[in-house]
Student: 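Starting off with a structure, shown below.
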Amino acid sequence: MDNISTSDIVIINGNSHPDLANMVAERMGLKNGGCSVFHKSNRETIVEISDSVRGKDIYIIQTGTKDANNNIMELLIMAYACKTSSARSIVGVIPYLPYSKQCKMRKRGCIVSKLLAKMMCTSGLTHIITMDLHQKEIQGFFDIPVDNLRASPFLLQYIQESIPDYRNSVIVARNPGVAKKANSYAERLRLGLAVIHGEQKEAESDEVDGRYSPPPTRAYSNILGNSVEMCIPAASRNSTPQHAPSSSRQRTTSVSVGVPEHPVKVKPPLTIVGDVNGRIAIMVDDLIDDVQAFVAAAEMLKENGACRIYVLATHGLLSSDAPRLLEESVIDEIVVTNTIPHEIQKLQCNKIKTIDISILIAEAIRRIHNKESMSYLFRNVTLED
């Protein structure tokens, strides 16, 4: 990595992924800045920055892990410490943004990713670099620039170079919500597409959010009828209409009094739209966390004749007993990037492979620091990626 002025750039990191921070600094020919982040006995977070940051551009590398709350507090305190130490700019490099799946309104809940964005902006961050947000619209929650990098070129290259006979593959979306991403992969690789319809558990879009729970129709009808009757004068209530409106003037269709009941969604059993018989099935997604849905989809693919099954994703969170479930499943290989540390999970499951994306983060930092265009990093990327 060249063309970097080392006098006014400082890279620091928290405890979430020090290996990635060291790889990025090494690729840029820089030394990781002197920043110590530790916890007191009462679990309060302490940040100590040993080097001067006055008038410098600070890049804080801190990703989201299973310890998301501590990761966030470390990031906020580091950013605020740099802000109060007169840093010129503070860029948060967050490969996996925590709480990004909580970006929709739920029943009596809130949009947590919006709250997190406000906290980051208030702490002093002036720019965000992240990768493969769960929803691209999350960028709108921030009042500062957000660069949402893509890991798809690395995953596409892996398919072409590391999967034998990949031309006999079919890209699989494990649910209709991933169909756009899967279709983008299929078009770039000139491969077929299959979509798994029906799920064993509710999708995010089907979770109760309070808008589909009107009161019972009969009770609401009685309330509405009484309200309407109270609003009509007694004289008008007993009088007979002089002229009934003609049917030609009635342009509004009336339904039964009250709010209609919302039909209950009944999900069909898992079915595959597309041919996978004798083919290599490649499931793509942005995040692998709870793997039950992936295991169920893989079993369905195997029953329909898929010869080998791969799962590719940007972020490998792999919570709980995910490594054991993957090791015991019919999935042949799981490929994720190193946006999240998962070395322990790899010891528990030999099927997990890792792709290094530190060069992409290093190039993004170099371009931002040198005030160069970022469009090169987004070339040939469609909205569905």
Side-chain angles (χ1 to χ4, degrees), residues 131-132 134-136 150-201 203-205 267-318 322 325-337 349-355 357 380-385:
M131 184 171 292
D132 282 344
H134 184 63
Q135 297 288 341
K136 296 183 294 296
R150 306 289 194 269
S152 53
F154 295 88
L155 299 176
L156 289 168
Q157 185 179 16
Y158 182 90
I159 293 174
Q160 293 172 320
E161 297 179 356
S162 302
I163 296 182
D165 193 22
Y166 84 93
R167 290 292 182 186
N168 187 38
S169 303
V170 57
I171 305 298
V172 179
R174 67 176 180 88
N175 60 49
V178 196
K180 285 186 176 182
K181 177 183 286 290
N183 183 61
S184 177
Y185 277 72
E187 289 179 349
R188 294 180 187 281
L189 294 169
R190 311 296 192 267
L191 299 176
L193 176 67
V195 180
I196 298 179
H197 177 59
E199 290 181 322
Q200 293 182 335
K201 64 177 183 178
E204 283 186 55
S205 58
K267 279 193 170 294
L270 287 175
T271 55
I272 298 178
V273 181
D275 182 23
V276 298
N277 188 23
R279 313 281 289 278
I280 301 172
I282 303 175
M283 286 189 283
V284 296
D285 212 329
D286 63 322
L287 172 68
I288 301 179
D289 188 7
D290 297 323
V291 299
Q292 288 88 348
F294 290 95
V295 172
E299 292 174 353
M300 173 63 66
L301 292 170
K302 205 70 174 180
E303 292 173 1
N304 283 263
C307 57
R308 292 201 305 275
I309 301 173
Y310 292 80
V311 176
L312 276 70
T314 302
H315 311 295
L317 198 54
L318 303 172
L325 294 175
L326 292 174
E327 185 68 25
E328 297 173 354
S329 71
V330 296
I331 299 174
D332 295 283
E333 196 167 282
I334 302 96
V335 182
V336 293
T337 69
C349 178
N350 296 323
K351 300 178 180 180
I352 301 175
K353 310 296 181 185
T354 306
I355 299 176
I357 46 82
N380 299 326
V381 174
T382 62
L383 294 176
E384 291 80 11
D385 282 351

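The structure presented is a predicted model; accordingly, all values stated were derived computationally and were not measured.
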Student: When you measure from the side chain of K181 to the backbone of D286, do you find a donor-acceptor pair of N or O atoms at a distance under 3.5 Å?
Tutor: no
Student: Could you tell me whether the side chain of S162 reaches within less than 4.5 Å of the side chain of K353, counting heavy atoms only?
Tutor: no
Student: Under a 3.5 Å distance rule, please check whether R188 uses its side chain to pair with a backbone N or O of S152 as donor and acceptor.
Tutor: no
Student: How many angstroms lie between CZ in R150 and CG in L156, if you round to the nearest 0.5 Å?
Tutor: 13.0 Å
Student: Residues in side chain to side chain contact (heavy atoms under 4.5 Å, CB included) with A186, at least two apart?
Tutor: I171, L193
Student: For side chain to side chain contact (heavy atoms under 4.5 Å, CB included), just list the numbers for V335 and I355, CA-CA rounded to whole Å, side-chain angles, deciding distance to a tenth of an Å, and then say yes or no.
Tutor: CA-CA 7 Å; V335 182; I355 299 176; 3.5 Å; yes
Student: Looking at N175 and G177, would you say the former's side chain and the latter's main chain have a donor-acceptor pair under 3.5 Å?
Tutor: yes
Student: Using the test salt bridge (Lys or Arg N to Asp or Glu O under 4.0 Å), find all partners of D289 that sit at least two apart in sequence or belong to another chain.
Tutor: none
Student: For N350, enumerate each residue passing the side chain to side chain contact (heavy atoms under 4.5 Å, CB included) test, keeping only those at least two apart in sequence or located in another chain.
Tutor: E327
Student: The criterion is side chain to side chain contact (heavy atoms under 4.5 Å, CB included); which residues satisfy it with I272, sequence neighbours excluded?
Tutor: A194, I196, V276, M300, L301, N304
Student: May I have all residue pairs that pass ring pair (Phe, Tyr, Trp, His ring centres under 6.0 Å) and include part of residues 280-318, sequence neighbours excluded?
Tutor: Y96-H315
Student: Let me confirm one number: the CG-CG distance from L318 to L325, rounded to the nearest 0.5 Å.
Tutor: 10.5 Å
Student: Name all residues meeting the side chain to side chain contact (heavy atoms under 4.5 Å, CB included) criterion together with T354; count only those two or more places apart in sequence or in a different chain, and write none if there are none.
Tutor: N338, H342, K346
Student: For the backbone of V330 and the side chain of K302, can you confirm whether one donor and one acceptor N or O come within less than 3.5 Å of each other?
Tutor: no
Student: Measure across A182 and V284 and return the closest heavy-atom pair with its distance rounded to 0.1 Å.
Tutor: CA-CG2, 3.7 Å
Student: Can you tell me how far the CG atom of L155 sits from the CG atom of L189, to the nearest 0.5 Å?
Tutor: 10.5 Å
Student: Does N183 use its side chain to pair, donor to acceptor, with the backbone of A173 at less than 3.5 Å?
Tutor: no
Student: Going from NZ on K351 to CD1 on I309, what distance comes out if it is rounded to the nearest 0.5 angstrom?
Tutor: 9.5 Å
Student: Are L287 and L317 side-chain neighbours, meaning at least one heavy-atom pair lies under 4.5 Å?
Tutor: yes
Student: For residues I282 and I159, determine if any side-chain heavy atom of one lies less than 4.5 Å from a side-chain heavy atom of the other.
Tutor: yes
Student: Which heavy atom of A151 sits nearest to which heavy atom of M131, and what is that distance?
Tutor: CB-SD, 3.9 Å
